[in-house]
Amino acid sequence: MLLSAVIRHSRAVSVCNILGLGITRNYNLKHKMGENTADNVKTNGFESKTPFLIGVAGGTASGKSTVCQKIMEKLGQQQKQQTDRRVVCISQDSFYRSLTPSERLRAERGQFNFDHPDAFDDKKLLAVLKDILAGKKVEVPEYNYITNSISDRSHTIYPADVVLIEGILVFYFPETKKFADVIIPRGADNIVAIDLIVHHIWDIMYKKGPKIVNGCNGHAEDEPNERRMSGSSEDTLIAIDLIVQHISEYLKRSPDAKQMLDYAGISSVPGSPQRTGKSGRPH
Ligand SMILES: Nc1ncnc2c1ncn2[C@@H]1O[C@H](COP(=O)(O)OP(=O)(O)O)[C@@H](O)[C@H]1O
Ligand SMILES: O=c1ccn([C@@H]2O[C@H](COP(=O)(O)O)[C@@H](O)[C@H]2O)c(=O)[nH]1
C-alpha cells in the first residue's frame, strides 16, 4: 500500500474514530541517544535504568489521557507516591512554550494555533526525554493555560521502569518519534496528528516489523498481511489490557515486580501479548 494511500485511508478512518496500537521495544535507546546511561541512583527503591518508553498519540480529546490513566490505574500506580511509582506518565502539554506578548494577543482572539509544532518547546521536551531515558530524575514544567506561559512550578518525575508520554504531536519531532513504542490514536479532528500516526504505523508495519499492530476501521486492503482495525470503546479496553499485559511482562523481569503485579491483581501474564487491540489527567 502506497504511503499516500495510507494517508488517504487515515483521513477516511479519522471520521470513524480510530484505535491503533503498535508496540516495538527500542532495545538500543541508550545507543541511539549517543550517551552513557544513568548515574544508577536509587531514587524510588530500585536502581535506575533505561525505561521502556511508550508514546501515546492522538488528536485532542481522542482519549489519550484516559488511556494513560487507565493503564496507571490497572497497574496500581495512581495510589502510589510519586517516588514509589514504577510507571509514570507525562504529557506533551507540559511542554507548550510561553507565548510572546503578541502571540498572547493572538491567542486571546483565538488566532494562535496550539496544534502546531511551533507551539511547543521541542528542545526542552527532547532534553527531558533524554534525561528520562538516562534514568535521571527530571523536572517537568507546568504550563498555565490561562497565562499561556510556563509557571514557576514544576513536577518531579522519578526514574521509573515505564514512562508513558501522551500528546497530540508526540510523533512529530523526529528526535522524539524514534523513541516511541506505542501509538494509540482514537479520534478524528486533528488530521495532522492522524497523518503523523499513520506514518508511524507505516514505519512499524513495513520497515521495522510490528510486534503488535491494531488500528483504524477498515483494513490495509493492498497489504497481503491484512490487519483489521477497529475503534470502539471495547477495543480501547482491549488495547489497555494488552498494554498492561505488555508492561507487566516487562516488569516481571525486574526486581520487586512481583509485589507490584500482586498489588495490581496481575499474577500471571498469558502467553505473548502480541495480538490485537481531559477529565482527570494522569500526570
Ligand atoms: N473510549 C472512550 N469512549 C468514550 N469517551 C471517551 C473514551 N475515552 C475517553 N473518552 C472521553 O473523551 C473525553 C476526552 O478524553 P481525554 O482522555 O481527555 O482525551 P485527550 O487526552 O486525548 O485530550 C473525556 O471526557 C473522556 O472521558
Ligand atoms: O494554551 C493552550 C494550549 C493548548 N491548548 C489546546 O489544548 C489542546 C491539547 O489538548 P489535549 O487534550 O492534550 O489533546 C490542543 O488542541 C490545543 O489547541 C489551548 O487551548 N491553549
Side-chain angles (χ1 to χ4, degrees), residues 13-21 54-74 78 88-122 124-125 140-151 153 155 163-173 176 180 182-197 200 214-217 229-244 276-283:
V13 297
S14 71
V15 215
C16 321
N17 278 349
I18 62 175
L19 170 87
L21 186 149
I54 296 176
V56 178
T60 297
S62 61
K64 303 180 295 292
S65 318
T66 307
V67 165
C68 290
Q69 191 178 23
K70 296 275 180 211
I71 291 169
M72 296 289 281
E73 276 169 17
K74 289 207 168 208
Q78 295 286 59
V88 295
C89 182
I90 60 176
S91 172
Q92 189 185 18
D93 289 5
S94 304
F95 297 90
Y96 273 113
R97 63 175 174 81
S98 295
L99 298 191
T100 64
S102 63
E103 286 171 334
R104 258 212 93 199
L105 281 176
R106 277 165 48 209
E108 279 170 11
R109 292 190 214 115
Q111 293 168 351
F112 186 85
N113 186 359
F114 288 103
D115 296 340
H116 193 279
D118 287 351
F120 294 92
D121 184 347
D122 56 325
K124 177 76 180 171
L125 173 61
V140 170
E142 186 179 283
Y143 179 76
N144 186 322
Y145 289 85
I146 311 290
T147 60
N148 305 115
S149 60
I150 299 298
S151 84
R153 283 179 301 198
H155 298 279
V163 178
L164 299 164
I165 173 160
E166 62 88 6
I168 52 172
L169 295 171
V170 166
F171 297 129
Y172 174 78
F173 304 105
T176 57
V182 175
I183 51 179
I184 306 175
R186 176 194 163 277
D189 297 327
N190 193 324
I191 293 299
V192 175
I194 300 275
D195 282 355
L196 290 166
I197 289 157
H200 196 69
N214 180 57
C216 41
N217 293 337
M229 302 169 166
S230 65
S232 65
S233 298
E234 192 187 341
D235 284 334
T236 305
L237 295 178
I238 293 168
I240 290 167
D241 280 343
L242 283 165
I243 294 166
V244 168
T276 14
K278 227 165 327 153
S279 49
R281 287 202 166 273
H283 19 275

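For the numbers below, each heavy atom of this structure counts, side chains included, while hydrogens, waters and symmetry mates do not. As the structure lists them, so they are numbered: ligands from 1, and atoms in each ligand from 1.
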Going from [atom1] on [X] to [atom2] on [Y], what distance comes out if it is rounded to the nearest 0.5 angstrom?
| X | Y | atom1 | atom2 | value |
| --- | --- | --- | --- | --- |
| Arg106 | Leu99 | CZ | CG | 8.5 Å |
| Ile90 | Phe95 | CD1 | CZ | 5.0 Å |
| Phe114 | Leu169 | CZ | CG | 13.5 Å |
| Ile165 | Leu125 | CD1 | CG | 5.0 Å |

Study note, to complete from the structure: Taken in chain and number order and not counting sequence neighbours, the residues that satisfy ring-ring contact (aromatic ring centres under 6.0 Å, His included) with Tyr143 are Tyr96, Tyr145

Atoms of ligand 2, numbered as shown, that sit under 4.0 Å from any heavy atom of [X]:
| X | answer |
| --- | --- |
| Asp93 | 9 (C), 10 (O), 11 (P), 13 (O) |
| Thr60 | 8 (C), 10 (O), 14 (O), 15 (C), 16 (O) |
| Asp115 | 15 (C), 16 (O), 17 (C), 18 (O) |
| Ile168 | 14 (O) |

**Study point:** ligand 1 to Thr66 polar contact by distance, N or O atoms, under 3.5 Å
**Key:** yes

Point to revise | ligand 1 to Ser65 polar contact by distance, N or O atoms, under 3.5 Å | key: yes

Practice item. Have a look at ligand 2 and work out which part of Lys64, if any, has a heavy atom under 4.0 Å from it: side chain, backbone, both or neither. Key: side chain

Check your understanding: So, do Phe120 and Ile168 sit near enough that their side-chain heavy atoms are less than 4.5 Å apart?
Key -> yes

